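Computed from a prediction, not measured in an experiment: that's the story for all the values here. Both ligands and their constituent atoms are indexed starting at 1 by order of listing.
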Amino acid sequence: MTIDVQILNALRAAAGGSVSGTELSQSLGVSRAAVWARIEELRSLGYDIEASPHLGYRLLAAPDVLHADDLISRLGPPRVIGRDIRVFQSTTSTNDVVEKLARDGVKEGAVVFAESQTCGRGRLGRKWLSPARKGLWFSVLLRPEMRPTEATRLTVASATALRRALHSQTGLEAEIKWPNDLLIHGRKTAGILTELSAELDRIKYVILGIGVDVNFSPADFPAELRSQATSLKAELGKPVFCPHLAVAILKELDHDYARITAGHFADIAEEWEKHCTTIGRNVTIRVGARQISGRAEALGDEGALLLRTEHGHLERIVGGDVTIEE
Ligand code: BTN
């Protein structure tokens with residue numbers, strides 16, 4: 001744990017009260033001058049920390065930016081997801097950064113955030129708009145003991161976790177559109193890009209890339225997306241504090257990953273079906289050059305969509321572009 005995490009933890013534990021410089025220097029095992037230098041550094045990052053010669057330090061406010069130490073301090077000890085958090089000002093795609101970490105042998109649970117991405121990507125080779133301070137753009141490294149055919153479970157679990165976090169932080173009810181979209185009032189607010197490296201019967205690692213349109217104004221979306229996309233700010237009429245939302249999402253992801261590894265995918269599937277707008281609807285799914293139409297009946301064991309075709313066959317669909325008919 002870095003000194004900054006420990007200082008932020010101590011200031012937060014004081015719950016609006018002060019912590020003396022002597023107390024901090026003793027508990028951290030560094031000089032009072034070193035504590036002062038770290039406090040000055042935190043202030044330069046935007047933390048409002050009051051310093052009083054008699055009472056010590058008091059945290060008044062934190063900035064609406066992502067700092068790894070701040071996220072670690074807010075998160076507390078996770079089971080898996082978030083035990084290593086890194087924040088980049090800008091990167092090509094956080095999925096690329098996590099892929100490199102995966103190849104370097106980094107443990108599962110590492111999370112990489114970027115304030116902005118220059119080559120953010122969505123599913124099916126689409127571009128993902130990721131400007132600074134407008135959203136959460138991050139990727140999680142997982143090494144689940146699973147067959148590659150079960151990987152859709154992780155997308156399903158991420159969508160349920162994300163939906164719960166959006167609800168707890170904003171009160172907004174998002175719907176899930178299979179397999180990976182979160183919609184509010186029918187417009188896309190968040191998406192998940194699951195990429196994996198696998199052998200025939202075993203996953204080596206999975207990268208869960210998550211993008212949430214948090215503080216976009218309608219005018220920030222390109223004209224061609226305006227009717228299909230929305231943000232939390234646009235829906236709420238006020239901005240959302242990104243560090244709170246980021247931590248809430250990581251906690252929910254950690255919770256659902258534990259449910260999956262404990263063999264409780266069925267509980268997640270049940271929750272997912274309750275909030276999924278695709279189930280029970282007539283849909284057309286494009287998978288490469290193929291197009292299949294039918295009624296989305298349920299979620300299969302491995303996270304696949306079970307589609308009853310016009311000919312009465314039940315097809316198991318693991319990916320594709322869904323258009324809801326009617
Ligand atoms: C989709 O809906 O098509 C998936 C969008 C996923 C976007 C996120 S943003 C963080 C991560 N890095 C990327 O390049 N993509 C994912």
Do the side chain of Ser231 and the main chain of Ala234 share a donor and acceptor less than 3.5 angstrom apart?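 Yes, the answer is positive, given that a donor and an acceptor are paired below the 3.5 Å cut-off.
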Rounded to the nearest 0.5 Å, how far apart are CG of Leu250 and CZ of Arg83?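 It comes to 13.5 Å.
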Using the side-chain contact (heavy atoms from CB on, under 4.5 Å) definition, which of the options Val111, Leu101, Val97 pairs with Arg86?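 So the option named by the test is Leu101.
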For a quick check: using heavy atoms under 4.0 Å, what are the residues in contact with ligand 1, sorted by chain and number? Ser93, Thr94, Asn95, Gln117, Gly120, Arg121, Gly122, Arg123, Trp128, Trp137, Phe138, Ser139, Asn180, Asp181, Lys188, Gly191, Ile192, Leu193, Gly209, Ile210, Gly211
Tell me whether the rings of Trp36 and Tyr57 are parallel (<30°), tilted (30 to 60°) or perpendicular (>60°).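 Rings of Trp36 and Tyr57: parallel, as their planes differ by under 30°.
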Evaluate the ring planes of His67 and Tyr47, with Trp represented by its six-membered ring, and classify them as parallel (under 30°), tilted (30 to 60°) or perpendicular (over 60°).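 Rings of His67 and Tyr47: tilted, 30 to 60°.
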Kindly work out whether a path of hydrophobic side-chain contacts (I/L/V/M/F/W/Y, heavy atoms less than 4.5 Å apart) joins Val5 to Leu28.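 No, Val5 and Leu28 fall in different hydrophobic clusters.
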